[in-house]
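All values below were derived from every heavy atom in this structure, side-chain atoms included, with hydrogens, water molecules and symmetry-related copies excluded. Protein chains get the first letters and strands the later ones, always in sequence-line order, with residue 1 at the start of each.
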Amino acid sequence: MPLSRSPAASCQLLAPSRRTRLLTPYPRAGATPAAEASLLPGALRAESLPRHVAVVMDGNARWARARGLPSAAGHEAGRRALEETVRLSRAWGVRALTAFAFSHENWSRPKVEVEFLMGLFERVIHESVAEFLREGIRLRVIGDSSRLPVSLQRTAREAEEATRNNSQLDLTLAISYSGRRDIVQACRSLAQKVQDKVLRPEDIDESLFADELETSPADELTYPDLLIRTSGELRLSNFMLWQSAYSELFFTDTLWPDFGEDDYLEALVSFQSRDRRFGVRKL
Amino acid sequence: MATPLSYPSSDPHMFPICSRDNWLSLTVSMEGFLTSCSPSVNPKIEKPEDMVKTGVLARFQNFLRKCLIAVISYGPMPNHIAFIMDGNRRYAKCRSIQQGAGHRVGFFAVVANLLYCYEMGVKYMTVYAFSIDNFKRDPKEVQSLMQLMEEKINEVLEKQSVIDKLNCKVNFWGNLELLREPARLAAQKLMASTAGNTGPVLSVCIPYNSTSEIVNAVSEVCAERREMLQGERDGDCNGQAANSGVHPEISVADLDRHMYSAGCPDPDIVIRTSGETRLSNFLLWQTTFSHLQNPDTLWPDFSFRHLVWAVLQYQRAYPHLEQNRNLAKKQL
């Protein structure tokens with residue numbers, strides 16, 4: 001039960017989700033896409049779903065503090081919320097999901113918490129590989145891997161290799177990621193190419209630049225259509241700055257561990273009603 | 001003589017009164033009193049100078065406005081506010097006026113908000129006037145926007161105006177080569193003539209895309225590096241000590257220097273009017289830690305009370321924003 005919502009509001013939201021739970025049984029692995037599309041809740045239309053959803057998973061520590069638990073419990077609850085979001089994305093036909101797990105600024109947190117989080121990421125990735133293979137989920141880890149523990153780097157690489165050929169859902173975990181650093185490292189690699197005389201500065205354009213970012217290759221699934229930020233903060237905090245140029249932003253006061261099916265549904269319904277013009281006017 | 005609102009306010013976005021912050025309710029009730037007489041944009045105004053009104057009622061309004069500003073100045077005030085001016089066409093449709101006139105009223109809203117920001121002590125104001133994607137619109141609309149821009153810049157250049165009264169410095173950020181010759185020359189002339197001004201800074205983004213700004217900065221940084229290394233290689237030929245290989249890596253500061261916004265601080269608040277929640281390729285690099293707001297008001301309706309509310313929301317979120325900014329400075 002989300003603490004930050006009034007009881008009246010959450011009752012309204014629970015009612016439709018009970019109905020949708022009746023309509024959406026857990027999809028069997030290997031169900032055909034047509035059958036899955038019919039498992040969408042009534043409020044959603046398959047053709048106006050976002051292809052790529054990005055989530056900023058904010059609020060674990062606050063959730064734990066509100067319950068008098070240590071922050072580790074908050075992060076574990078956050079892990080469950082992420083697994084639920086992955087399951088729902090897979091069921092509803094979202095093609096790509098990017099989760100902001102750990103930002104570069106988070107390295108300044110207490111050492112104990114940081115170590116716990118690194119251990120948690122390693123455990124989660126290790127334990128989920130089997131499920132990813134079953135569900136057809138491809139895993140990618142982006143971010144400044146040089147600061148991660150060696151064991152986590154190895155686990156992540158192995159998981160990426162194992163799930164490389166899956167195509168049902170692209171799951172990207174941003175660990176030790178920062179949008180500005182992403183742009184700076186792309187700039188450095190382009191500068192190196194210029195120095196090596198492979199490229200002239202005048203030839204650098206947007207698509208060339210986009211291919212140097214950590215989220216390359218720049219295809220139609222690279223840029224998030226919808227960016228969800230939980231726990232009521234109204235800012236981007238250095239997450240996918242370039243890639244979210246035209247993303248629809250959705251801010252919710254719910255803390256991340258409480259983010260469940262009804263919150264996700266609310267975000268997707270809100271996305272459906274947005275009028276995306278990309279700078280052009282519809283006549 | 002102050003002109004009262006000549007049309008019913010279609011603004012559905014009233015202040016949500018938060019029960020948690022009771023101290024705000026005093027300011028909100030003061031604002032409610034001021035709503036009916038705060039100066040606002042009137043489509044009948046012809047010149048920006050007419051917005052600075054005189055008369056007894058106007059002086060009373062000014063006094064009340066100053067009181068309100070003094071109250072909110074107790075909290076942290078933003079230094080830089082950025083606006084995505086959305087909703088001009090919808091405004092024109094609502095008021096059943098000609099479509100091009102919506103943009104004209106939008107221009108007066110820019111001048112009004114510049115005056116309000118100046119009174120509040122907000123030194124930098126940035127507006128998203130025209131995106132590079134907007135060139136794909138109906139050519140007639142694009143042409144009327146360009147003509148409006150040329151007309152207003154020439155007006156400002158020719159006579160004593162609000163810009164001169166405030167000693168305002170005007171910047172044009174964007175890929176100016178995409179503009180027509182007369183528009184580009186007018187913009188460059190205005191930038192040159194206000195370059196030495198020390199008052200508030202108004203930056204107009206036209207035609208602007210943040211992605212192309214970043215690519216442009218990257219391209220310039222690469223060219224700069226190449227020239228630096230070239231210079232050193234020439235130095236080698238002259239027999240001086242080699243220094244290659246001992247270069248600092250390209251950093252955030254290098255890119256900052258080559259952005260159009262070099263010299264301006266990052267925006268504290270980004271306000272997108274008309275309720276849409278996206279950035280649309282505006283200041284992506286600079287708004288990492290900015291407070292994002294999206295009131296439902298259309299841009300021409302955005303007036304003093306909306307600005308005050310925006311600042312109050314910013315003040316509420318200020319402790320978190322500062323904390324994050326300090327953490328980021330430590331890391332980068």
For Glu276(B), is it the side chain, the backbone, both, or neither that has a heavy atom closer than 4.5 Å to a heavy atom of chain A?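 The answer is the side chain of Glu276(B).
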Answer with side chain, backbone, both or neither: which region of Glu227(B) has an atom nearer than 4.5 Å to a non-hydrogen atom of chain A?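 Neither the backbone nor the side chain of Glu227(B) comes within 4.5 Å of chain A.
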Go through the atoms of [X] and report whether side chain, backbone, both or neither lie under 4.5 Å from a heavy atom of chain B.
X: Lys193(A); result: neither
X: Asp205(A); result: backbone
X: Phe251(A); result: side chain
X: Gln192(A); result: neither

Within a strict 4.5 Å, meaning less than it, do heavy atoms of the [X] and [Y] side chains meet?
X: Tyr246(A); Y: Leu279(B); answer: no
X: Val184(A); Y: Ser251(B); answer: no
X: Phe250(A); Y: Arg278(B); answer: no
X: Leu236(A); Y: Thr288(B); answer: no

Kindly say whether [Y] contributes a backbone atom to a donor-acceptor pair with the side chain of [X] at under 3.5 angstrom?
X: Ser219(B); Y: Pro201(A); answer: yes
X: Arg235(A); Y: Ser290(B); answer: no
X: Arg180(A); Y: Trp285(B); answer: yes

Determine whether Glu233(A) and His320(B) satisfy the following criterion, side-chain contact (heavy atoms from CB on, under 4.5 Å), listing intermediate values before the conclusion. CA-CA 9 Å; Glu233(A) 303 290 351; His320(B) 289 300; 4.1 Å; yes
Select, from Ser244(A), Ser103(A), Ser237(A), the one with the greatest count of heavy-atom pairs under 4.5 Å involving chain B.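 Highest number of heavy-atom pairs under 4.5 Å: Ser237(A).
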Contact winner vs chain A - Gly275(B), Ala317(B), Ala223(B), Ser210(B), heavy-atom pairs under 4.5 Å: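 Going by pairs under 4.5 Å, I would pick Ala223(B).
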Partner chain A: residue of Asn209(B), Val215(B), Asn134(B), Leu321(B) with the largest heavy-atom pair count (under 4.5 Å):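 The candidate making the most pairs under 4.5 Å is Val215(B).
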Can you tell me how far [atom2] of [Y] sits from [atom1] of [X], rounded to the nearest 0.5 angstrom?
X: Ile250(B); Y: Ile183(A); atom1: CD1; atom2: CD1; answer: 13.5 Å
X: Leu234(A); Y: Ile269(B); atom1: CG; atom2: CD1; answer: 11.5 Å
X: Glu206(A); Y: Asn216(B); atom1: CD; atom2: CG; answer: 10.5 Å
X: Thr287(B); Y: Asn238(A); atom1: OG1; atom2: CG; answer: 10.0 Å

Test: Arg188(A) and Glu249(B) ion pair at under 4.0 Å: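 Yes, charged N to carboxylate O under 4.0 Å.
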